[in-house]
Protein chains: 2
Amino acid sequence: MKGGTVTVRDTPTGWNSEPAGAEPRGRPRGRPRSEAVEQAILEGVLRLLEGGGTLSSLTVEGIAKAAGVGKATIYRRWPGKEALLLDALATLDNDPLPETGSGSVRDDLVRLIEFVRQRGVSKRESELLRLVTSEVMCHPDLSQQYHDRFIAPRREALRQVLVRGIDSGELRDDIDLELLGDLFAGPMLMRTVLHQWAALPEDLPERIVDAVLDGVRKK
Amino acid sequence: MKGGTVTVRDTPTGWNSEPAGAEPRGRPRGRPRSEAVEQAILEGVLRLLEGGGTLSSLTVEGIAKAAGVGKATIYRRWPGKEALLLDALATLDNDPLPETGSGSVRDDLVRLIEFVRQRGVSKRESELLRLVTSEVMCHPDLSQQYHDRFIAPRREALRQVLVRGIDSGELRDDIDLELLGDLFAGPMLMRTVLHQWAALPEDLPERIVDAVLDGVRKK
DNA sequence: CGATTAACGAAACGGATCGTCTCGTATCGT
DNA sequence: ACGATACGAGACGATCCGTTTCGTTAATCG
């Protein structure tokens, strides 16, 4: 944890994206970083994860070996294993959020939850999500970054749909917005993250949304 | 991971409780294990966790130091850090499940979810639960033990209440039992495990249960 | 009482990984 | 050509794991 000499000149993928005008400065002097190396490292991480290894089995040296690079090359780009995991997650998680606001609020909710389900059914993404979540839960600083980059946009999209539903009179206006979101997202996240052995049938989003909308009390 | 000479003679707390008649044999010959040491180790784990350390900060050597014991004494009782964590969790998690079946199904559901909320509001239990969950998610074998010891009993209690509700006509009978459980438990577990920064007000269980029962669609 | 048996604290060991650092080489701009 | 920087390879000290040894302590058995 003490100061070192390895200088992280810049970070292409943005784990510590410099906020102020750092981009428009001229190209740095020496040999530029290889984009191929960048992708080889991220691809190596994903490849190692497909074997369903434990978190401790994903070592930096193993990543370097799998990617055919030196360790220093990894530490030149990321401050540690955790930030690298976050960027690896980002390479899988770049699908755009589904369009909302066109049809009924009910269909928008189904679309958003189906989007979450898709993460769970993909073996590769599921394994990665599981490890990242477990890693993030122990690192408060990473927890913040993970929340900002991955959780917050989804929660915001869900929130907008819910606000639209309240305004249009389709949803009750006497329930906390946050609670409302958890009612819809909780059941699906529970299956994708907590117990991965649960099945994720195609119609699960529909069933969740309709059950939460209509209530489970026998009329 | 290779075979060793340290023989685990017996395991008081039951991480590998011998199923067959092993208990009624006469007292073993030599010096018995100190119960005080047992509790000192578990207490040391809990004390280290209150500082909100990352999972890697909870080292076996640190536990031994905190408890004032030797490392071998820990490995004499538990096969590794993970199993020790599970037993430490058990020392906090020995409150009996709330009584159900007396009044309305709605009140039973509130009681069960309030029971989950209590885990989340206790700082000590919350931290421990967070670390154990993260540890468990990476160890398939531990995941099984964790599920059997902690998850399954709660799910079973919830399931019984739901079955009673269906039989008595209070709950719809056209929804999967498993989905029904996730609808109630998901929102609360989401807050206690996934984002620990969320508030857990006292009336949250009531609000969850009533919202899921009545539905969130505007009538 | 004395012998036996096993747990105890302390400490050392080999192995693995981390994060840093140093080489010699390769590739860029000037 | 030259300086600057990234690259792969690998050594380094530090830390932790899980095992093992050592001398001591506490219980049972004869």
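Values reported hereafter were calculated over all heavy atoms of this structure, with side chains retained and with hydrogens, waters and symmetry mates removed. Convention: sequence-line order gives letters A, B, ...; per-chain numbering from 1.
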Salt-bridge present (A/Glu38, A/Arg33; N to O < 4.0 Å): no
field: Nucleotide-resolved protein contact map, nucleotides 8-13 of chain D, B/S/- at heavy-atom distance under 4.0 Å
entry: S-----
statement: 5'-most contact on DNA chain C (nearest-nucleotide basis), A/Leu58 vs B/Ser34, goes to B/Ser34
- prompt: Quick one: salt bridge (charged side-chain N to carboxylate O under 4.0 Å, His left out) pairs with a partner in residues 181-201 of chain A, sequence neighbours left out?
  reply: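 Sorted result for residues 181-201 of chain A: A/Arg155-A/Asp182, A/Asp182-B/Arg191, A/Arg191-B/Asp182.
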Rounded to whole angstrom units, what separation is found between the [atom1] atom of [X] and the [atom2] atom of [N]?
| X | N | atom1 | atom2 | result |
| --- | --- | --- | --- | --- |
| A/His139 | C/dC18 | NE2 | P | 12 Å |
| A/Gln39 | D/dC7 | CD | P | 13 Å |
| A/Tyr75 | C/dT22 | OH | C1' | 17 Å |
| B/Glu82 | D/dC17 | CD | P | 10 Å |
| A/Leu84 | C/dC18 | CG | P | 11 Å |
| A/Lys81 | C/dT20 | NZ | C1' | 17 Å |
| A/Glu35 | C/dT27 | CD | P | 17 Å |
| B/Ile74 | D/dG18 | CD1 | C1' | 12 Å |

List in chain and number order the residues that pass salt bridge (Lys or Arg N to Asp or Glu O under 4.0 Å) with [X], two or more places apart in sequence or in another chain; answer none if no residue qualifies.
| X | result |
| --- | --- |
| A/Glu178 | none |
| A/Arg119 | A/Asp93, A/Asp95, A/Glu125 |
| B/Asp148 | none |

- request: Would you please name every residue forming a ring-ring contact (aromatic ring centres under 6.0 Å, His included) with B/Phe150, sequence neighbours left out?
  value: B/Tyr146
- prompt: Phosphate oxygens OP1/OP2 of C/dT5: is one of them under 4.0 Å from a side-chain N or O of B/Arg33?
  reply: no
Short N/O separations, protein against nucleotides 28-30 of chain C, under 3.5 angstrom:
{"unit_1": "C/dG29", "atom_1": "OP1", "unit_2": "A/Arg27", "atom_2": "NH1", "d": "2.8"}

message: Base, sugar-phosphate or nothing for A/Ser56? Non-hydrogen atoms, less than 4.0 Å.
response: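 Counting heavy atoms under 4.0 Å across all strands, no contact is made by A/Ser56.
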Side-chain donor-acceptor distances from residues 58-69 of chain A under 3.5 Å, at least two apart:
{"unit_1": "A/Thr59", "atom_1": "OG1", "unit_2": "A/Gly62", "atom_2": "N", "d": "2.8"}
{"unit_1": "A/Glu61", "atom_1": "OE2", "unit_2": "A/Lys71", "atom_2": "NZ", "d": "3.2"}

Please tabulate, for the side chains in residues 156-165 of chain B, all donor-acceptor contacts under 3.5 angstrom to protein atoms that are two or more places apart in sequence or on a different chain.
{"unit_1": "B/Glu156", "atom_1": "OE1", "unit_2": "B/Arg159", "atom_2": "NE", "d": "3.2"}
{"unit_1": "B/Glu156", "atom_1": "OE2", "unit_2": "B/Arg159", "atom_2": "NH2", "d": "3.3"}
{"unit_1": "B/Glu156", "atom_1": "OE2", "unit_2": "B/Gln160", "atom_2": "NE2", "d": "3.2"}
{"unit_1": "B/Arg164", "atom_1": "NH1", "unit_2": "B/Gly103", "atom_2": "O", "d": "3.4"}
{"unit_1": "B/Arg164", "atom_1": "NH2", "unit_2": "B/Gly103", "atom_2": "O", "d": "3.2"}
{"unit_1": "B/Arg164", "atom_1": "NH2", "unit_2": "B/Asp108", "atom_2": "OD2", "d": "2.6"}

- request: Tell me, with the steps shown, if B/Arg117 and B/Asp203 meet salt bridge (Lys or Arg N to Asp or Glu O under 4.0 Å).
  value: CA-CA 10 Å; B/Arg117 190 185 73 94; B/Asp203 61 342; over 6 Å; no
